[in-house]
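Report on the structure given below.
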Amino acid sequence: MFLAVSIVCDDYFLPSLEIISECLGLSQDVAGATFMAAGSSAPELVTAFLGAFVTKGDIGVSTILGSAIYNLLGISAACGLFSSVVSRLSCWPLFRDCLAYTLSAAAVLAMISDNRIYWYESATLLLIYGCYVLVLCFDIKINQYLMKKFSPCCTCFTKAMEENSEQQPLVGWREESGPLIRQQSRTDSGIFQDELDYSQLSTSLHGLDEISEDHPNVFTMPEADMKRILWVLSLPIITLLYLTIPDCRRQFWRNWFMVTFLISAAWISAITYVLVWMITIAGETLGIPESVMGLTLLAAGTSVPDTVASVLVARKGNGDMAMSNIVGSNVFDMLCLGIPWFIKTAFINTSGPIEVNSGGLTYTAISLICSVVFIFLAVHLNGWKIDKKLGTICLVLYLVFTVLSILYELGIIGNNPTRVCGN
């Protein structure tokens, strides 16, 4: 299932995202915070609906809050540790996404504090996300205004970026296409530099020299021995995906990019559902408490697409897109909680609120806000770049947060009763 998610993201999901962003003229951070976050967070949306309508338990809430900590710290650690390229970051996108997510996490904390969710509370989550999307629509103008308003600080930051961010040799999607050079920084307009438009960026990300050139077939066998072995083992998955998803990297299917995006997101959800299903069975067999499962194994399982997508773009030097996906997917996850809650309280069960067991979840929500502040400060103190140093720090902090959350859920720290899966 891990291999299948990786293939879907690498061969279909990310290429369709590049074409969507190219057509809409989106900067890489806005693309990462919207389409990339929504597509890779599709499993969380499925989990939230299952928790609200099928299992009627806390697994949707705890999974989304637990995966949020994993997204912020765990995926940041993976991007730093598994990327050979040092990715430069911009100030405004990270600040924008962290602020939106802090407001969302604070709203969820306020809602679950009384163990009840009312329709107007769930509607507030949808309103917050709507305001977030509205800000993204005017992202360039807001960025320009802030640059002028805080010109001394931004000028110093821009100079530091120009001095430190040399052009990084980036290898394209296919090794045989040769190295590609691009500058990883923003201009004052808040978008890519003039000499490298988004169409050229989108093409360079896939290792293509010309848009008119067609992409190699997925059944082309790699030259390296280890890649050949992996290709043969994954051939059934490759064949199934080839027969069900149009490959928008090829000229014939290029105009079908939205179909590719939607079908690949559906495949990501289906594959993750099977993965979460197996983890849930293991949890019931071992008698692991439901909230502990949500905070650990299920959280990591549902965030596999986010992890794969973020690491893939970080390895190409696209730090802003990786970080915007990490934080932006968490903002979308708050929407995931709002949609089923609102549907259930406003249209299906209008007689009363939804009951939620929020003892450990309150601690988790507080941990989320702290982790957001830490991420922003850590990136700032690290010189606005993603490297192995930042990855190591994020990994250590994620383990600390997880251990403390588990101890709290098990009642070892504090006074919190536990509920076991299946009981």
Side-chain angles (χ1 to χ4, degrees), residues 1-23 28 31 35-36 39-40 82-85 168-182 198-268 270-272 274-275 304-305 307-318 321-322:
M1 293 299 101
F2 275 93
L3 182 62
V5 170
S6 176
I7 294 174
V8 173
C9 288
D10 198 8
D11 291 346
Y12 299 98
F13 178 68
L14 290 179
S16 66
L17 174 71
E18 296 295 340
I19 300 178
I20 291 173
S21 303
E22 174 189 339
C23 292
Q28 60 169 260
F35 288 99
M36 188 177 182
S40 59
F82 296 125
S83 177
S84 58
V85 176
Q168 301 270 358
L170 302 180
V171 180
W173 288 81
R174 302 293 174 184
E175 290 184 356
E176 57 268 22
S177 62
L180 300 167
I181 309 298
R182 68 168 292 236
Y198 198 84
S199 176
Q200 292 172 333
L201 170 70
S202 176
T203 307
S204 68
L205 283 176
H206 296 289
L208 304 177
D209 296 326
E210 299 291 337
I211 296 180
S212 59
E213 292 185 8
D214 209 354
H215 195 277
N217 194 292
V218 291
F219 295 106
T220 303
M221 183 176 290
E223 295 182 0
D225 292 336
M226 290 303 298
K227 289 188 176 181
R228 284 187 176 185
I229 296 174
L230 188 62
W231 180 83
V232 171
L233 293 176
S234 60
L235 194 56
I237 300 174
I238 294 175
T239 304
L240 180 61
L241 297 176
Y242 177 80
L243 294 175
T244 54
I245 308 177
D247 190 353
C248 63
R249 295 172 299 178
R250 302 183 65 83
Q251 285 298 316
F252 182 79
W253 297 106
R254 184 174 176 83
N255 293 330
W256 292 64
F257 56 88
M258 279 306 301
V259 178
T260 303
F261 179 82
L262 295 174
I263 298 179
S264 59
W267 266 114
I268 289 173
I271 294 169
T272 309
V274 177
L275 183 65
V304 168
T307 307
V308 173
S310 296
V311 171
L312 285 175
V313 296
R315 293 178 68 176
K316 305 300 180 287
N318 302 317
M321 180 175 277

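For the numbers below, each heavy atom of this structure counts, side chains included, while hydrogens, waters and symmetry mates do not. Not measured: the values here are computed from a predicted model.
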Begin with the C-alpha distance, continue with both residues' side-chain angles, and end with the deciding distance and a verdict on side-chain contact (heavy atoms from CB on, under 4.5 Å) for I19 and R254.
CA-CA 8 Å; I19 300 178; R254 184 174 176 83; 3.8 Å; yes

State, to 0.1 Å, how close C248 and P15 come at their nearest heavy-atom pair, and which atoms those are.
SG-C, 3.9 Å

Find the distance between CD1 (I245) and CG (L240) and round it off to the nearest 0.5 Å.
8.0 Å

All ring-ring contact (aromatic ring centres under 6.0 Å, His included) counterparts of F13, not counting sequence neighbours
F261

Side chain to side chain donor-acceptor pair (under 3.5 Å) filter on S83, not counting sequence neighbours, yields none

Donor-acceptor under 3.5 Å (R249 side chain, D11 main chain):
yes

If you define the side chain from C-beta out and look only at heavy atoms, does anything of D247 sit under 4.5 Å from Y12?
yes

Inter- and intrachain pairs under ring pair (Phe, Tyr, Trp, His ring centres under 6.0 Å), touching residues 216-238, at least two apart:
F219-Y242

Could you measure the distance from the OG1 atom of T307 to the CZ atom of F82? Nearest 0.5 Å is fine.
9.5 Å

Before accepting this row, confirm whether a basic side-chain N of the pair K316/E18 lies closer than 4.0 Å to the acidic partner's carboxylate O.
no

Is any side-chain heavy atom of M258 less than 4.5 Å from a side-chain heavy atom of I20?
yes

Separation between CH2 of W256 and OG of S16, rounded to the nearest 0.5 Å
14.5 Å

Closest approach of C9 and P305, non-hydrogen atoms and distance?
SG-O, 4.1 Å

If only side-chain N and O atoms count, and only distance matters, is there a donor-acceptor pair under 3.5 Å linking T244 with W267?
yes

What's the shortest heavy-atom distance between S264 and V8, and which atoms?
O-CG1, 3.7 Å

Where is the tightest heavy-atom contact between I263 and P246, given as atom of each residue plus distance?
CD1-CD, 4.1 Å

Are L14 and L17 close enough that some pair of their side-chain heavy atoms sits under 4.5 Å apart?
yes

Work out which heavy atom in V232 is nearest to a heavy atom in P236; give both atom names and the distance.
O-CD, 4.0 Å

With a 4.5 Å limit on heavy-atom distance, are the side chains of I7 and S234 in contact?
yes

Checking R228 side chain against P222 main chain: does a donor-acceptor pair fall under 3.5 Å?
yes

Taking the side chain as C-beta and beyond, is there a heavy-atom pair between L230 and L3 under 4.5 Å?
yes

